Amino acid sequence: MSSSFRSEEMCLAQLLFQTESAHNCISELGHLGLVQFKDLNPGVTAFQRRFVKEVKKCEKMERILRYLEKEMVKSSIVIAPTKEKEIVPCPRDVLELESTFEKLEQDLREINRNHVALRQNLSELMDIDSLLRMAEDFFEEAESLMSCSEPPSEDSMCMTVSSRITSRRNSSSSIIGPPYLGFIAGVIKQERFPAFEKVLWRLFHGNFVLRHAEIQATEELQTDRGLAKKDVFIIFVQGDHVREKVRKVCDGFHASLYSCPKTLHERKEMSNNIMTRMEDLRLILRRTEEYRAGVLMKAADHVHEWSSKVKKMKAIYYTLNLCNIDITQKLIVAEIWCSVSDLTLVHNALIKGSEQSGSSVTPVLNRIQTQQTPPTFNRTNSFTEGFQAIIDTYGVGTYQEINPAPYTTVTFPFLFAVMFGDCGHGLVMTLFAVWIVTQAERRYIILLMGMFSVYTGLIYNDCFSKSFNVFGSSWRVQPTFHPHGPWHNDTLHDCEHLQLDPVIPGVYSGVPYVFGIDPVWNIASNKLSFLNSFKMKMSVILGVSHMLFGVTLSLFNYAYFRNFQDVLIEFIPRMIFLLSLFGYLVLLILYKWCITVPSDVAPSILLLFINMMLFDYQSQHHLLYEGQKAVQICLVVTAVLMVPVMLMVKSFLVYRTYMKSRQPVFGNSLNDQHGADTRSSFSQHQSNETVSMSDIFVYQAIHTIEFCLGCISNTASYLRLWALSLAHAELSEVLWRMVLQVGLSFSSGMGSLMLALIFAAFAVLTVTVLLVMEGLSAFLHALRLHWVEFQNKFYEGSGYKFTPLSFDSLLKTQQ
Amino acid sequence: MASTTFVIAVSVMTVFWGLVGGVIPWFIPKGPNRGVIVTMLVLTAVCCYLFWLIAILAQLNPLLGPSLNNDTIWYLYHHWP
């Protein structure tokens, strides 16, 4: 299947079908999901389109459905999931559905309103109830105060009041007492109470009695008012006109006042009354809630089905808006982009749709030729989907250019793994990815990243910062000791660190560790000086290879578009430039690894390269091989020669073709009848050509500079492979040394408990810092390496994506 | 450098990745995904082989040796053959 390497071949087709069958045809195409409708009315605004009313109706229905769903969630009713695909209703059924929705909405709103009103009633009654009870307590308290002998001024008034009350109680007739002492009772929010008290104090200069108590919040009350606590208060004041003032103050503080009867008997009666009323209200509330739940549950069975039907209808009307309607002939004209290989499928779907609607005329599918650029369609399965998304985020490929996604499936996890490089962490990541893939079926990227990390971790010989010694190390210590070498036991006592010298025979066995880095480096204190050199060179080799691959892909692009001229004047100079400078660098690295050089005269590769570019050959013994000077001069000169080739040749060739095309037309136009016209039109053409000449020149200059300087900077940019793997290794080692090693070296009895705690800390830190943070960081850098360094060698990315009308993806995004 | 262990190791790895990248692709059944699978196999073989090769070549002729703690040296003296 070649379509994943390039975009599929797309064609523009014209569809003609009858208005009656339009609905069914489009719904069949929507279920198929292979067709993109072109907008045939681009100049028309959204409000002027033919089906705008229907779209609005669909949106209203969606709003009602959302309201229903919210209500269901509030009453925690489970919405049944949808089953198979439903048939989209025709326009007649739309009206029926609409009226059902409206009726449901009205019902629900009414129920909710009633509910709220009932609850408010209930809370008022509860306030009055608490008020009555508090009043009982106050009066009893006053009575008890009267019996003890405390003489503060407030209480004296209280006592006078309570004496009257007791006298009241003893006689069951109602005595108001002195007509100018009355009380006002009410309920106020607790937070406002101190301010309320202060205002009253200022008003009456302390000439009043105020008692308050908190209402014990019951379950029901709390659901009503949230957490606002309320207090009951009761004020005893003298005088009637003062009552007005008190009422005003109470109004100002939004306290609700209730009339509290003055006799015990009346209060008891009122209390009973209120109890019965509350019982009734509670019953009504329960019934209301049950009814509401019933309505919602009935709707819950259908809500999913309705919602998908409405979405499909909206999509169909939206699509119809894009087509041209020929009302007089009852015909709808649509233009679609679709893949050439899918044309038969589309045709079958259309026939099916027209059969369903019962129309006798079959729809017509014409393929038309066009100069417009088709959308880019890369067919993906669930595995390649993730990688294609990564590429598309940077830019959708130009139609029919090479698609880097299939190569990214391997190179991206590989570069990630080079930076992540720890087989223990890689194993954890792989297991995690396996679990995710069994659950969600889309995250294959993580699985691949984990598997490659295990491999690179094995080669770096790094597992939670420890090394495996499977094949036996290549370094030996015995040959350095007496009698073979210079060391004795005293040497060990004198120095802390001693370095093994590979020159002494036997120390280095001559055969490197066969799979990965030798385990002796893990216990060496100069591990980094070896690893840094290794990893830097590795990064350069991998980087140059990756870039060479990118440039090679551009060759495929040129070949596909039959652009052989560009192959000669762009691809070949680029390859020569890249290979002669950076290919040579890689060769130097490999050569230096393969030969034996005494370490004091071994030249540094970096210095060699710099001297090569600067033509600096003063010190003779800093060369690796015979004739190096001649070879290097040759290569640099070749590379430098390529620059003007890339810069000039293309512009020159374009100029030559334009000059050639100019000559014959000039000759003919003199004899031509429309001489003047052609000359004027050609002069326009000429000025266009001149403009585009300088354009081409500038374009070439920019690209040449970008490529040449880019080679150097991109090669250096690949050094991040070294940097990140170093960071990861160091972090991992720090975690071991500072956390787990401490835990493992406890010798006391408490050691096991401490070890458990410390291991927990180690695990948490490993997952958060090393796996998540380093993983994200390596992911990002691998992505950057792909997007910038690899893709700017060949990728244009200026296409637009193929977005077919597909009900599956519509419903999936909504869920 | 012409030691047998080295030759065996190099040939084993070369043959293995050569199989993965050069022989198995011929056996992938024709289907819509054949192209992608073949590309993946070849690229995996190339990347992994290259990575392993770099690691082994870098250690072929070392210019400096590991610098060890004296306790470690004492241990290695007695316990590594």
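All of these numbers come straight from a predicted model, not from anything done at the bench. In the text below, chain A, chain B and the rest are named by the order of the sequence lines, each starting its count at 1.
Contact count versus chain B (heavy atoms, under 4.5 Å) is highest, among A:Ile589, A:Val511, A:Leu498, for A:Leu498. In terms of heavy-atom pairs under 4.5 angstrom with chain B, the leader among A:Val410, A:Val477, A:Ile523 is A:Val410. Interface remark: of the candidates A:Trp475, A:Phe549, A:Phe515, A:Phe530, A:Trp475 forms the most heavy-atom pairs closer than 4.5 Å to chain B. Options A:Phe471, A:Phe481, A:Trp521 differ in how many heavy-atom pairs under 4.5 Å they form with chain B, and the most are formed by A:Trp521. Taking chain B as the reference chain and counting heavy-atom pairs below 4.5 Å, the highest number among A:Gly472, A:Cys495, A:Ala405 is found for A:Cys495. Put simply, of B:Leu76, B:Leu57, B:Val12, the one with the most heavy-atom pairs under 4.5 Å next to chain A is B:Leu57. Listed options A:Ala417, A:Pro406, A:Ser473 were ranked by heavy-atom pairs under 4.5 angstrom with chain B; first place goes to A:Ser473.
Here A:Thr456 contributes atom OG1 and B:Phe51 contributes atom CZ; the two are 5.5 Å apart, rounded to the nearest 0.5 Å. Separating the CD atom in B:Gln59 from the CD1 atom in A:Ile517 is a distance of 4.5 Å, to the nearest 0.5 Å. One finds the CD atom of A:Gln499 at 9.0 Å from the CG atom of B:Leu68 (value rounded to the nearest 0.5 Å). The NE2 atom of A:His493 lies 10.5 Å from the CH2 atom of B:Trp74; values are rounded to the nearest 0.5 Å. A:Leu542 contributes atom CG, which lies 4.5 Å from atom CD1 of B:Ile54 (distance to the nearest 0.5 angstrom). Atom CG of B:Leu50 and atom CE of A:Met538 lie 10.0 Å apart (nearest 0.5 Å).
A donor-acceptor pair under 3.5 Å is absent between the side-chain atoms of A:Asn526 and the main chain of B:Pro66, judged by distance alone. Although no hydrogens or angles enter the test, the distance criterion places a donor-acceptor pair under 3.5 Å between the side chain of A:Ser525 and the main chain of B:Ser67. A donor-acceptor contact shorter than 3.5 Å is absent between the side chain of B:Asn69 and the backbone of A:His497. The closest donor-acceptor contact from the side chain of A:Glu496 to the backbone of B:Asn70 lies at 3.5 Å or more, if one exists at all. Of the possible donor and acceptor atoms, none in the side chain of A:Tyr508 sits under 3.5 Å from a partner among the backbone N and O of B:Pro62.
With a 4.5 Å cut-off on non-hydrogen atoms, B:Leu43 touches chain A through its backbone and its side chain both. Looking at B:Thr72, only its side chain comes within 4.5 Å of chain A, counting heavy atoms on both sides.
Outside the 6.0 Å centre-distance limit, the rings of B:Phe6 and A:Tyr513 are not counted as a close aromatic pair.
Using non-hydrogen atoms only and a strict 4.5 Å limit, the part of residues 13-24 of chain B facing chain A consists of B:Met13, B:Trp17.
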